[in-house]
Amino acid sequence: MPKLLFSKIRFYEVKDLMQNVKRSRRTDIVLNRKRHKEDIQCLTVQKIGDETQPSKLSWKTEHKLRSTMEKILRDKKYLAAFHAFLRSEFSEENIEFWLACEDFKSTASPDDLRRKAKQIYQEFIQPTASREINVDHHIREKIKKSLEKPTHSCFDEAQKHVYLLMERDSCPRFLNSDSYLSLKHKSRSLWYI
């Protein structure tokens, strides 16, 4: 009896069924891409006064972006790709400042702390710095005053500001870049091997 039922199904019906399955898979892929793109596009930045603030981000989107940024900073391959991306956008001073601050925090010797603080200030903070970062006047003045007796936390406010700038502005563009997508694709394909 089962053979008789199966034999009544015509080949073109099976072929149509398979095409419908393929179409639905393609539709799912396109919808997922659109959702990813919409998530990233909603992360626009508005300039309000002197402060950069995100436009209305959902908690889920903000959390997702923060975890993505943390992964980028932890993984050497993604960090190198992000650094190259920022260089292509002429804003590599942001990641270099952030990395210099991380190195500064791990400094043990008070003499080295003073030397590194002065070096970071001259390279990234002072108004005539070769790789000046975008921080407001109040943060600059606080840092300048703290150079007399630098502590591990003297660049924290500026570092946080730069981190948020990268997270909300540069990171969404990086996630849409060819370098990120190809790196992500390579890491997935290696995982399957």
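Model, not experiment: these values are computed from the prediction.
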Set of side chain to side chain donor-acceptor pair (under 3.5 Å) partners for [X], sequence neighbours left out:
X      : value
Arg115 : none
Tyr78  : Ser187
Lys142 : Glu157

What's the separation between atom [atom1] in [X] and atom [atom2] in [Y], rounded to the nearest 0.5 Å?
X      : Y      : atom1 : atom2 : answer
Phe85  : Leu175 : CZ    : CG    : 9.0 Å
His185 : Tyr180 : NE2   : OH    : 13.5 Å
Ile120 : Gln126 : CD1   : CD    : 13.0 Å
Leu165 : Asn94  : CG    : CG    : 5.5 Å
Glu93  : Ile133 : CD    : CD1   : 8.5 Å
His152 : Lys116 : NE2   : NZ    : 9.0 Å

How close do [X] and [Y] get, heavy atom to heavy atom, and via which atoms?
X      : Y      : value
Cys171 : Ile72  : SG-CD1, 3.8 Å
Leu147 : Lys118 : CD2-N, 4.2 Å
Val135 : Ala158 : CG1-CB, 4.1 Å
Thr107 : Leu113 : CG2-N, 3.7 Å

Only counting residues at least two apart or in another chain, list the ones meeting side-chain contact (heavy atoms from CB on, under 4.5 Å) with [X].
X      : value
Lys105 : Glu102, Asp156, Gln159
Ser109 : Asp111, Asp112
Ala80  : none

Who pairs with [X] by salt bridge (charged side-chain N to carboxylate O under 4.0 Å, His left out), at least two apart in sequence or on another chain?
X      : result
Glu70  : none
Glu92  : none
Arg87  : none
Asp178 : none

Measure the shortest side-chain to side-chain distance between Ser146 and Thr151 over non-hydrogen atoms and say whether it is less than 4.5 angstrom. no
Do Asp136 and His161 come close enough that some side-chain heavy atom pair is under 4.5 Å? no
Which pairs, with at least one residue in residues 101-138 and sequence neighbours excluded, count as a ring-ring contact (aromatic ring centres under 6.0 Å, His included)? Phe97-Phe124, Phe104-Phe155
How would you list, by chain and number, every residue that makes a ring-ring contact (aromatic ring centres under 6.0 Å, His included) with Phe82, sequence neighbours excluded? Phe174
Lys/Arg N to Asp/Glu carboxylate O, Glu167 vs Lys160, below 4.0 Å: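 Judged by the 4.0 Å cut-off on N to carboxylate O distance, Glu167 and Lys160 do not form a salt bridge.
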Start with the C-alpha gap between Ile125 and Glu132, add the side-chain angles, then the distance that decides, and say whether side-chain contact (heavy atoms from CB on, under 4.5 Å) holds. CA-CA 6 Å; Ile125 306 295; Glu132 183 181 352; over 6 Å; no
Stepwise side-chain contact (heavy atoms from CB on, under 4.5 Å) check, Ile143 with Cys154: CA-CA 6 Å; Ile143 293 171; Cys154 66; 5.6 Å; no
Would you say that more than 12 heavy atoms from the other residues, nucleotides or ligands in this model lie under 6.0 Å from the CD of Glu148, or not?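 Incorrect, the count does not exceed 12.
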Could you check Leu99 against Leu79 for side-chain contact (heavy atoms from CB on, under 4.5 Å), going step by step and ending with a plain yes or no? CA-CA 11 Å; Leu99 292 169; Leu79 180 60; 4.2 Å; yes
